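See below for the structure under consideration.
The basis for the numbers below is simple: all heavy atoms, side chains too, and nothing from hydrogens, waters or symmetry mates. Please read all numbers here as calculations on a predicted model, not as lab measurements.
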There are 2 protein chains.
Amino acid sequence: MDTTDSKATGSKATDQNALGGIDPATVSRLRLAIARIHRQMVQASSGQGLTFAQLSALARVEQHGPLRLGELAARERVAASSMTRTLAPLTAAGLVGKAPDPQDGRSWLIEVTAHGREVLAEIRRERSEMLAARIGGLTAEQCAALHAAIPVLEALTDEPE
Amino acid sequence: MDTTDSKATGSKATDQNALGGIDPATVSRLRLAIARIHRQMVQASSGQGLTFAQLSALARVEQHGPLRLGELAARERVAASSMTRTLAPLTAAGLVGKAPDPQDGRSWLIEVTAHGREVLAEIRRERSEMLAARIGGLTAEQCAALHAAIPVLEALTDEPE
DNA sequence: TATTGTTATACTCTATAACTATA
DNA sequence: TATAGTTATAGAGTATAACAATA
């Protein structure tokens with residue numbers, strides 16, 4: 001019903017805004033909620049083709065065109081070695097291409113393939129059952145609040161630079 | 001700037017509400033955002049004492065009083081064997097107590113200790129730097145949207161039963 | 001027999017450190 | 001030398017399967 005939650009946050013609304021943020025206890029709730037949703041998403045989508053790490057990297061490559069492996073790793077906020085591992089099944093499956101960088105013989109340019117785009121589109125259409133089902137159980141107000149927050153959550157993933 | 005994001009979601013606002021949910025492409029964005037925030041939270045808090053799994057279990061035990069291990073595992077949506085492993089360091093550190101269940105000799109009752117409560121309180125105060133810092137970089141509007149969505153995100157973690 | 005919890009084992013994701021090839 | 005990427009290894013988190021003790 002109410003999406004504001006009086007228990008832990010309502011009483012702090014003023015000094016929360018004074019700081020331009022959200023009080024620590026509420027941030028903790030957000031942390032826990034994100035961790036738990038993530039765990040359940042991973043469980044719900046295990047064995048459905050791409051893992052989360054692969055999906056995230058593939059979506060990043062699709063969005064930001066050809067990227068060197070190191071750039072991709074930096075944008076995904078993982079070590080280069082992690083990205084090497086994440087990409088291996090994607091290249092093996094033909095979802096991304098790996099071409100030698102003409103400007104630097106040590107480097108590669110990673111780009112999504114046509115097949116990779118198809119797979120991504122399919123995943124976007126079909127692979128959110130668990131989350132979509134739970135969202136379907138929300139009230140219209142809750143749904144609106146969540147919808148409004150999605151771009152904010154995306155902003156939180158961006159570099160603070 | 002704008003928290004509504006016209007690109008992928010604005011055009012679908014009506015049929016999204018007709019379904020009582022959010023369109024699949026937007027749900028995908030939410031999935032990816034949660035996964036990426038989670039990854040960055042894990043990185044930012046590695047080596048700070050409790051892991052996320054431990055913190056989540058400890059908070060659950062604090063909130064729901066004495067629980068049998070199986071009940072705790074079910075609420076956390078993990079296998080009992082996973083919970084056994086997660087609890088081991090918590091009991092070793094004296095953050096939770098494990099008493100034989102008087103009603104069932106096979107079972108244990110897990111409860112938070114006074115020390116566990118202290119540690120949780122401290123974590124809630126101090127251990128959200130990365131997330132709090134990024135939230136501090138949001139506009140007031142974004143902050144309000146996020147704040148309103150926190151209870152909704154918590155609702156998404158609850159059992160659909 | 002069925003259930004509760006534990007142990008053994010395996011897989012994913014990630015990191016650091018050591019290595020190779022190129023700059 | 002310094003840098004881009006890879007490989008080796010390790011730790012966290014999770015699962016399934018086999019096992020113990022109890023119901």
Discussion item. Within the 4.0 Å heavy-atom criterion, would you say Thr84(A) contacts the bases, only the backbone, or no part of the nucleic acid?
Written reply: base
Worksheet item: Under 4.0 Å between a side-chain N/O of Gln43(B) and OP1 or OP2 of dT14(C), yes or no?
Response: no
Worksheet entry | Nearest-nucleotide 5' precedence on DNA chain C, Arg106(A) against Leu69(B) | Leu69(B)
Worksheet item: Checking Ser128(B) side chain against Val27(A) main chain: does a donor-acceptor pair fall under 3.5 Å?
Response: no
Discussion item. In whole Å, I'd like the distance from the CD atom of Gln54(A) to the P atom of dT12(C).
Written reply: 9 Å
Practice prompt. Look at the side chain of Ser81(B) and the base of dT16(D), then say whether one donor and one acceptor between them are separated by less than 3.5 Å.
Written response: yes
Discussion item. Using every non-hydrogen atom in the two residues, find where Leu146(B) and Ala149(A) come nearest and quote the distance to one decimal.
Written reply: CA-CB, 4.3 Å
Worksheet item: So, for Leu109(B) and Pro102(B), which heavy atoms are closest and what is the spacing to 0.1 Å?
Response: CD1-CD, 4.0 Å
Practice prompt. Look at all strands and tell whether Ala53(B) reaches a base, only sugar-phosphate, or nothing, counting heavy atoms closer than 4.0 Å.
Written response: sugar-phosphate
Discussion item. With a 4.0 Å cutoff (strictly under), does any side-chain N or O of Lys98(B) reach OP1 or OP2 of dT4(C)?
Written reply: no
Response to the item:
Between NE2 of His38(A) and P of dC13(C) the distance, given in whole Å, is 9 Å
Discussion item. If I take atom CE in residue Met83(A) and atom C1' in nucleotide dT7(D), what distance separates them, rounded to the nearest angstrom?
Written reply: 17 Å
Worksheet item: Side chain of Ala80(A): nearest nucleotide among dT6(C), dT6(D), dA23(C)?
Response: dT6(D)
Worksheet, complete the sentence: Whole-Å distance, Leu55(A) CG to dT12(C) C1', equals 15 Å
Worksheet entry | Glu71(B) CD to dG5(C) P, straight-line distance once rounded to whole Å | 8 Å
Fill in: Verdict with supporting geometry, Ser56(A) and Glu76(A), side-chain hydrogen bond (donor to acceptor under 3.5 Å, both in side chains)
CA-CA 8 Å; Ser56(A) 185; Glu76(A) 285 288 295; 2.6 Å; yes
Worksheet item: For Arg68(A), which contact category applies under a 4.0 Å heavy-atom criterion: base, sugar-phosphate, or nothing?
Response: sugar-phosphate
Item to complete: Round to a whole Å and report the spacing from CD of Glu76(B) to C1' of dG13(D).
Response: 13 Å
Discussion item. For a quick check of understanding: with a heavy-atom distance under 4.0 Å over all strands, which category does Ser107(B) fall into, base, sugar-phosphate or nothing?
Written reply: sugar-phosphate
Worksheet item: Is a donor-acceptor contact shorter than 3.5 angstrom present between the side chain of Arg85(B) and the base of dT9(C)?
Response: yes
Fill in: Nearest-nucleotide 5' precedence on DNA chain D, Asp104(A) against Ser82(A)
Asp104(A)
Worksheet item: Is the phosphate of dA12(D), meaning OP1 or OP2, less than 4.0 Å from a side-chain N or O of Thr51(B)?
Response: no
Discussion item. Any side-chain N or O of Arg39(B) below 4.0 angstrom from OP1/OP2 of dT14(C)?
Written reply: yes
Worksheet item: Are Glu111(B) and Arg60(B) ion-paired here, with the side-chain N under 4.0 Å from a carboxylate O?
Response: no
Worksheet item: Please give, in whole Å, the distance from dA4(D) C1' to Gln103(A) CD?
Response: 14 Å
Worksheet item: Between the main-chain N or O of Val78(B) and the side-chain N or O of Ser82(B), is there a donor-acceptor pair closer than 3.5 Å?
Response: no
Practice prompt. Name the nucleic acid region contacted by Asp101(B), choosing base, sugar-phosphate or nothing; use a 4.0 angstrom heavy-atom cut-off, strictly under.
Written response: nothing
Worksheet item: How long is the line joining CD of Gln40(A) and P of dG13(D), in whole Å?
Response: 17 Å
